[in-house]
Number of protein chains: 2
Amino acid sequence: MTAGIRHDEMRKRNRALVIAAVRQAGQPSRTEIVRRTGLSHSTISAIAADLIEEGTMRETGQGEPMPAKRGRPQVAIGLNPEAAAVVCLYLSFNCLSIVLVDYRGEVIEQRKHRLTTLALSRQELLDAVVSAVADIARGHGRVMHIACAMQGIADSAERLLLWSPITPHSNLPIGPTLEAAFRLPVTVQNDCNMMAVALRWLNPDRYGDNFIAVLLSHGIGMGLVLNGKMFTGTRSSAGEFGHMVHEPGGALCRCGRRGCIEAYAGNYAIWRKALGKSAEEPPVADIEAAEMEALAELARREDGPARLAFREAGRALGYGLGNLFALIDPAPVAVVGQGAAAFDILEPEIRRALAETAGGQHAEAISFQTLPKEVPLILHGAAMTALTSLDRETFAPGLSTSANGRAERRAHVA
Amino acid sequence: MTAGIRHDEMRKRNRALVIAAVRQAGQPSRTEIVRRTGLSHSTISAIAADLIEEGTMRETGQGEPMPAKRGRPQVAIGLNPEAAAVVCLYLSFNCLSIVLVDYRGEVIEQRKHRLTTLALSRQELLDAVVSAVADIARGHGRVMHIACAMQGIADSAERLLLWSPITPHSNLPIGPTLEAAFRLPVTVQNDCNMMAVALRWLNPDRYGDNFIAVLLSHGIGMGLVLNGKMFTGTRSSAGEFGHMVHEPGGALCRCGRRGCIEAYAGNYAIWRKALGKSAEEPPVADIEAAEMEALAELARREDGPARLAFREAGRALGYGLGNLFALIDPAPVAVVGQGAAAFDILEPEIRRALAETAGGQHAEAISFQTLPKEVPLILHGAAMTALTSLDRETFAPGLSTSANGRAERRAHVA
DNA sequence: TTCTTTTTTTCGAAGCTCGAAAAAATGGGC
DNA sequence: GCCCATTTTTTCGAGCTTCGAAAAAAAGAA
């Protein structure tokens, strides 16, 4: 049983709706917002006036040069870049990428720190993150949110990094640490989920209510959007696609179990097989991108263990996707990361395996898009997560009239 | 971009909220509704008065004898059983179960028709369904919805039975046929989804926002609730858990493919293996419940092919669940149908396999509940689906005041 | 019988959205 | 260069809805 709709909440929701419409449309006119939200001209006029006066939005002359029509020209409205800023960071193996983004979503500043994540102590790792944030936020007064994306299993509610391949430590309190240091709301999310969020913003036609983002890199990750919502099981991890069992008792996986998809399709698995090593060989910690590229080139050129390795990877991925599709019906797939660069080698085998599964009944109709660079995608997803959270929680509840007082009183009581 | 909230829609939603609260609580007082919905006393008083005047709800004296407290006694409110009735039917192998249910959810009448579904022509099957509905609805004027649950793959939007093991025909237009015959809204759903809906109503504490209902019977079916919503992929089928691949290229499945979970854990698979037949043997159409029961008894008593068959079934189920849990995190499981009666034999092997998967990290913590009888569950789920649909679409939009006219005009325009 | 307590209804206030009409801002035509 | 047509945006009054406070109702307790 959800709460009933109160009168003041209606305004709050409609404000949020207007902000969302502007964020999606870029620089819509009031009339365009009317069309998108279904609200009346009068209401949009009132809400827009409020939001402009509060500094959340601003009139931006003519955004795109509208086709010169007769009649009063439309006034474009955009989000005010100075209304807020957010810091987004992506913690991955030996690398901390960090960006400062304005309220519109434009990157203000961008840095990359190299660090040996496996060697750092708990405290050193936390310190590195805190100082990177402090560093990039320095001199920018309006930072209002910090969004963290990370490899591994995150607990979004508690904002912990439960487990990650990049560090031997578990239950890292990234969220609480940042919150204590900066007194700002912090979100902690799995990197693949952030990819999915980004894809949705970048290409809503293709990535609509149901789709899958697969990260093929040293490990295998997945972000799942189902029924129009990011799916994040009970924790924020879910989508442990890479650790579905492909062959019971099969190859040794980084997670210590056997036969996982990742143990056939992760970089380390392809590398291991291509170099003729045993499937029992413990996974190496990292492989240079150039080295994987060289293996792919070799596999393209000649028949041999390299080609076999990629084939086996494709087969594991195909069966895995087929099993997934059996559960959730076929949906568009985005293949992101290192593996996207070698997708030409993987694809035939993926489709062959898919065709043998229930989910792949029309295997040829399933559509893949490849995006080799994952980092910009992940950071963009984190930024949009942070910004939409601001939209809702900071800019929507602030009512301009006295109803505000009422809402606040209620909040204190509850 | 969803539609904005209009003023009249607020009332509509709050009316729906009140109806839902009453349906869940049974016979709440107005004060109890206030507590559940978070709306004010005045609002509840007004909405309740409207709904009672319209005949949707009624005051029902004291529902349960409230503990005699001081003060004005609470007046229990309940749904008016005469406000509507719905017909729910379940079409399964050789059997058509059908019930008439009042608006409160109580069964008024209940019948069971035997028919040889595999032998019937398209038209004969449709006619059988229509005449069964006409039969049970005769003399009950207020039937307002027909809900169909069926084995197989349903297209809920078009209300077709796309494919089913119970008939050689495909794309059966069950929904359109019933709609044409009775001029009533008709819903068509997969049987396992209806089980899940029912479980949620019967035990909301256990079956909350994420859980799994598995039907172990001649075939294997699954209903999935994720993020508090029935998950029904792009069509209403999804959850083809039984056709996830357990062993690539393995045993022959009823679907014609190889290695599906069902080809190890369906009744026909257990029977085939227990009787020492080859895994290549084409699946038989049906097996008597008594015969399966006898096999289970044999497996309990002595080591041998029967026990082996159940073990293999458990192993396939365990790996399948483990792979599912890898994707969606562990969740409570309800095991329904024939297989629930033999769950004592299956469980150890299920847990053993689970423990070898990523999703089964804490295999012993995953909790199973067994419910041997699936039919009442399926019919109850269909009834609740029909009734909540009525709640929303028939009783919530009917505003008592003149705002109604406005909403109707709008609906015509749109 | 009167007082206390709890539930339910009534009543006025405040806020929101809406439709219609007015105002604003521009291009087109003569 | 002026006036009209057209489109966008704002203004204004009406109509609902929710809410809080106070009153009314309906019992048990003293």
Side-chain angles (χ1 to χ4, degrees), chain A residues 3-18 28-35 37-53 59 61-63 65-77 399-407 409-410 413, chain B residues 3-18 28-35 37-53 59 61-63 65-77 399-407 409-410 413:
Chain A
I5 303 179
R6 263 178 257 91
H7 211 172
D8 46 350
E9 196 172 345
M10 182 162 66
R11 217 329 147 60
K12 175 179 164 177
R13 288 205 197 189
N14 285 343
R15 278 172 64 104
L17 210 59
V18 169
S29 67
R30 290 174 176 77
T31 307
E32 169 69 10
I33 300 176
V34 166
R35 209 182 50 69
T37 59
L39 295 166
S40 71
H41 276 132
S42 1
T43 303
I44 295 303
S45 187
I47 293 180
D50 281 2
L51 288 171
I52 289 172
E53 193 192 311
E59 298 192 343
Q62 248 78 337
M66 313 242 171
K69 291 175 304 183
R70 238 165 123 131
R72 178 172 175 174
Q74 305 190 352
V75 179
I77 293 180
L399 275 75
S400 56
T401 64
S402 67
N404 194 12
R406 213 198 313 178
R409 242 184 299 133
R410 179 173 299 278
V413 174
Chain B
I5 302 180
R6 264 177 259 91
H7 214 166
D8 46 350
E9 196 170 346
M10 183 162 67
R11 215 334 146 56
K12 174 180 164 177
R13 288 203 197 189
N14 285 342
R15 279 172 63 103
L17 210 60
V18 169
S29 67
R30 289 173 176 78
T31 307
E32 169 70 9
I33 300 176
V34 166
R35 210 184 48 70
T37 60
L39 295 166
S40 72
H41 276 155
S42 359
T43 304
I44 296 303
S45 187
I47 292 179
D50 282 2
L51 289 171
I52 288 172
E53 193 191 312
E59 298 192 344
Q62 248 79 334
M66 313 242 173
K69 292 175 303 184
R70 238 164 123 129
R72 178 172 174 173
Q74 305 190 353
V75 180
I77 293 180
L399 273 75
S400 55
T401 64
S402 67
N404 195 13
R406 209 196 317 175
R409 242 183 299 134
R410 177 173 300 278
V413 173

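Letters A, B, ... mirror the listed sequences (proteins, then strands); counts begin at 1.
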Minimum-distance nucleotide (side-chain atoms of [X] versus [options]):
X	options	value
Gln74(A)	dT9(D), dA26(D), dT10(C)	dT9(D)
Arg70(A)	dT10(D), dT8(C), dG28(C)	dG28(C)
Arg11(A)	dT17(C), dG28(D), dA20(C)	dT17(C)
Ser40(B)	dT8(C), dG20(D), dT11(D)	dG20(D)

Rounded distance (Å) that lies between atom [atom2] of [N] and atom [atom1] of [X]:
X	N	atom1	atom2	value
Leu39(A)	dT9(D)	CG	P	15 Å
Met10(B)	dG15(D)	CE	P	17 Å
His41(A)	dA24(C)	NE2	C1'	14 Å
Ile52(B)	dT8(C)	CD1	P	10 Å
Arg15(A)	dC16(C)	CZ	P	10 Å
Arg35(B)	dT6(C)	CZ	P	16 Å
Glu59(A)	dT8(D)	CD	C1'	12 Å
Leu17(A)	dT17(C)	CG	C1'	14 Å

Looking at [N], I'd like to know if its phosphate oxygens (OP1 or OP2) sit under 4.0 Å from a side-chain N or O belonging to [X].
X	N	answer
Thr43(B)	dC19(D)	yes
Asn14(B)	dT17(D)	no
Arg30(B)	dT9(C)	yes
Thr31(A)	dT7(D)	no
Arg13(B)	dT17(D)	no

Would you name the heavy atoms of [X] and [Y] that are closest together and state the gap between them?
X	Y	value
Val34(B)	His41(B)	CG2-CD2, 3.0 Å
Glu59(A)	Ile52(A)	CG-CD1, 3.8 Å
Ile77(B)	Ala48(B)	CD1-CB, 4.3 Å

Are there any protein N/O atoms within less than 3.5 Å of an N/O atom in nucleotides 22-25 of chain D, and if so, which ones and at what distance?
none

- Item | Side-chain (Thr37(B)) to main-chain (Ile33(B)) donor-acceptor, under 3.5 angstrom |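 Indeed, once roles are kept as given, a pair shorter than 3.5 Å links the two residues.
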
- Item | Close side-chain approach of Arg35(B) to Glu32(B), heavy-atom, < 4.5 Å | yes

- Message: Would you say that Met10(B) contacts Asn14(B) through its side chain, given a criterion of any heavy-atom pair below 4.5 Å between the two side chains?
- Response: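 A side-chain contact exists here, since the closest heavy-atom pair is under 4.5 Å.
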
- Which comes earlier along DNA chain C counting from the 5' end, the contact point of Ile44(B) or that of Ile44(A), where each point is its nearest nucleotide?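 Looking at the nearest nucleotide for each, Ile44(B) comes out on the 5' side.
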
- Per nearest nucleotide of DNA chain C, the residue lying toward the 5' end, Ser42(B) or Ala46(A), is Ser42(B)

- To the nearest 0.5 angstrom, please state how far the CZ atom of Arg11(A) sits from the CG atom of Leu17(A). 12.0 Å

- Query: What distance separates Leu39(B) CG from Ile47(B) CD1, expressed to the nearest 0.5 Å?
  - Reply: 6.0 Å

